Amino acid sequence: MQGPEPSRPAVTCGPVLLGDPGGARPLKLRIFDHIRASGPVSRAQVAKDLGVSPGTVSTMTADLIEAGILREHAAPRDPGDVVRGRPPVGLAVCPETFVVAGIKIAARERSGILVDFAGNRLATSRQPCADRDMAAEAHVEGIAAMLDAMLAEAGRDRRDLGGVGIGLPGFVDHAAGRVFWSPVLDARDVDLAALATARLGVATRIDNDANLVALAELWFGKGRETSDFAVVTVEQGVGIGVVLGHRLFRGANGLGLELGHTKVQIDGALCRCGQRGCLEAYLADYAIAREAPAALNLGPDAALAIPELIELLSQEAAAGNEAARSVVRNARRYLATGLATVINLFDPKLLILSGGRMRYDWLDRDALAAELRHVVIDAGQGPTPLLVHEWGDLLWAHGAAALALDHLTERVVTAPREAVA
């Protein structure tokens with residue numbers, strides 16, 4: 001019999017759950033989740049952390065080892081442990097068993113990431129979108145090309161692919177796999193999950209992109225050890241994802257939450273959803289860009305893309321341009337109003353501002369905290385911790401990969417042994 005794999009730096013992902021979190025998640029799944037989230041860990045430690053018997057852990061992990069999704073791995077010693085001899089035996093996920101892909105569809109590009117079963121990044125891809133890509137079929141064809149490119153880069157093929165997650169803005173029914181409306185699609189009520197599954201040949205799950213931000217933080221980011229938190233993003237739209245009890249909250253109808261489309265001004269500015277007065281219409285990148293030309297005194301012939309306008313506005317505000325600073329201050333006040341709504345409704349343990357543009361002045365944590373003090377209900381418990389986390393452009397793709405990993409894990413861990421082989 002082969003000994004355990006040698007100890008290497010652990011790659012971990014997934015929410016860190018201790019004890020019995022409640023809910024209906026089967027014990028075998030909880031054990032597997034804990035091992036993946038904790039890195040090489042002994043059976044005795046798993047039993048202690050989850051509050052179950054060592055015999056139960058041994059029996060269930062033996063099944064998972066035989067199924068080829070767990071293996072013995074040399075657990076790291078405690079830094080103060082000077083005992084020599086055979087290193088302690090732990091358990092770890094077999095990373096090579098499956099790979100999954102996460103894809104984010106945005107207005108200007110598609111971005112993707114390929115990870116293995118332990119969460120290691122294997123490859124990434126970015127692909128520009130044109131107006132002709134608004135059809136769901138065109139997006140799926142682009143995703144197929146991205147998948148093949150990432151698999152080739154990682155030295156894998158379609159047979160290794162265990163699942164795909166796709167995120168996009170709009171009103172998405174995760175359970176049904178349908179998109180009721182999205183600014184990146186040219187039609188409503190699209191059965192996107194079924195379309196992608198048929199074309200890609202592997203189970204595909206879809207979700208609202210803001211939910212994927214919460215999943216990214218829950219699986220790979222700052223929310224792994226926090227049971228209840230909210231994530232707000234401000235980019236091409238204003239999104240929110242809420243995690244309650246280490247699980248993503250999607251609401252009764254599975255559509256998730258829409259902070260960006262809460263109303264802050266009756267009969268106000270036109271939002272891209274078609275209604276007026278939405279928070280997004282005052283805070284998203286297109287809203288900031290709408291105010292920028294006047295603040296910067298740009299002529300009608302100035303042809304700057306939205307990211308360039310926002311960058312120029314931010315630079316001018318930092319340099320003391322009062323008109324530019326006024327736009328920034330107004331954006332910050334609207335953001336503080338939105339964040340206060342989240343805090344007053346959900347009372348999260350942690351509030352995360354996440355995304356790729358957290359460097360801009362209106363997203364500054366200290367300035368926002370000062371604005372929040374004026375609009376959050378003071379219950380005498382102190383302010384909700386506010387964390388600014390700049391990920392970069394692959395944030396949403398990480399969340400989509402987590403979506404695929406979660407779905408694949410439930411399927412293979414609870415499947416009969418012969419079904420996994």
Side-chain angles (χ1 to χ4, degrees), residues 106-109 169 183 209-210 213 231-240 259-273 275-343 351-376 383 386-393 395-396:
R108 292 184 283 271
E109 72 172 15
D209 57 355
V213 176
V231 185
V232 173
T233 63
V234 184
E235 297 214 21
Q236 295 171 25
V238 177
I240 180 173
L259 179 64
H261 300 290
T262 55
K263 302 301 181 281
V264 295
Q265 183 70 49
I266 301 299
D267 297 326
L270 182 65
C271 178
R272 62 179 178 172
C273 75
Q275 297 187 11
R276 290 186 174 275
C278 298
L279 176 64
E280 181 177 298
Y282 295 90
L283 186 54
D285 62 356
Y286 67 86
I288 302 296
R290 182 186 61 223
E291 304 296 325
L296 300 174
N297 198 27
L298 298 177
D301 297 329
L304 295 177
I306 286 179
E308 295 172 317
L309 270 174
I310 293 176
E311 189 67 42
L312 182 58
L313 180 78
S314 183
Q315 292 171 1
E316 285 293 309
N321 181 323
E322 188 54 38
R325 294 178 67 180
S326 177
V327 174
V328 169
R329 281 195 301 268
N330 285 338
R332 184 183 298 125
R333 291 180 64 191
Y334 277 113
L335 178 55
T337 300
L339 296 181
T341 299
V342 175
I343 293 171
L351 183 58
I352 304 173
L353 269 179
S354 191
R357 297 177 188 169
M358 296 298 106
R359 66 188 182 276
Y360 292 123
D361 289 345
W362 59 90
L363 301 173
D364 177 76
R365 185 185 64 180
D366 294 336
L368 275 171
E371 292 279 359
L372 276 171
R373 284 195 289 270
H374 299 296
V375 286
V376 171
L386 177 64
L387 179 67
V388 177
H389 187 197
E390 182 177 352
W391 275 72
D393 293 334
L395 164 67
W396 289 268

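Computed over heavy atoms, backbone and side chain alike; hydrogens, waters and symmetry mates excluded. Since the structure is predicted, the reported quantities are computational estimates derived from the model, not experimental observations.
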(request) Mind checking side-chain contact (heavy atoms from CB on, under 4.5 Å) for L304 and listing every partner two or more places apart, or none if nothing turns up? (result) L298, E308, L309, L312

(request) Taking side-chain hydrogen bond (donor to acceptor under 3.5 Å, both in side chains) as the test, write out the residues that go with E371, two or more places apart. (result) none

(request) Nearest 0.5 Å please: distance from the CD1 atom of I352 over to the CD1 atom of I240. (result) 11.5 Å

(request) Taking all non-hydrogen atoms of both residues into account, name the closest pair between L296 and A324 and its distance. (result) CD2-CB, 4.4 Å

(request) Could you tell me whether a side-chain N or O of S314 sits under 3.5 Å from a main-chain N or O of I310, the two making a donor and an acceptor? (result) no

(request) For T262, enumerate each residue passing the side-chain contact (heavy atoms from CB on, under 4.5 Å) test, keeping only those at least two apart in sequence or located in another chain. (result) L259, L279

(request) Would you name the heavy atoms of A331 and I288 that are closest together and state the gap between them? (result) CB-CD1, 3.6 Å

(request) For R290, check salt bridge (Lys or Arg N to Asp or Glu O under 4.0 Å) against everything at least two apart and list the hits. (result) none

(message) Restricting to non-hydrogen atoms, name the atom on C278 and the atom on G260 that form the minimum distance, rounded to 0.1 Å.
(response) CB-O, 3.4 Å

(request) Taking R276 for its side chain and G268 for its backbone only, find out whether a donor-acceptor pair lies under 3.5 Å. (result) yes

(request) Taking all non-hydrogen atoms of both residues into account, name the closest pair between A295 and A323 and its distance. (result) O-CB, 3.5 Å

(request) Search all heavy atoms of V328 against all heavy atoms of A317 and return the closest pair with its distance. (result) CG2-CB, 3.8 Å

(request) Check side-chain contact (heavy atoms from CB on, under 4.5 Å) between P383 and all other residues, then give those that pass, not counting sequence neighbours. (result) none

(message) A side-chain contact here means heavy atoms from C-beta on lying under 4.5 Å apart; do L353 and L368 qualify?
(response) yes

(message) Please find the pair of heavy atoms, one from A269 and one from A281, that lie closest to each other, and give the distance.
(response) O-CB, 3.8 Å

(request) State, yes or no, whether a side-chain contact exists between C273 and E280 at a heavy-atom distance under 4.5 Å. (result) no

(message) Using the ring pair (Phe, Tyr, Trp, His ring centres under 6.0 Å) criterion, which residues pair with Y334? Sequence neighbours excluded.
(response) Y282

(request) Report the residues that fulfil side-chain hydrogen bond (donor to acceptor under 3.5 Å, both in side chains) with Q275, sequence neighbours left out, ordered by chain and then residue number. (result) K263

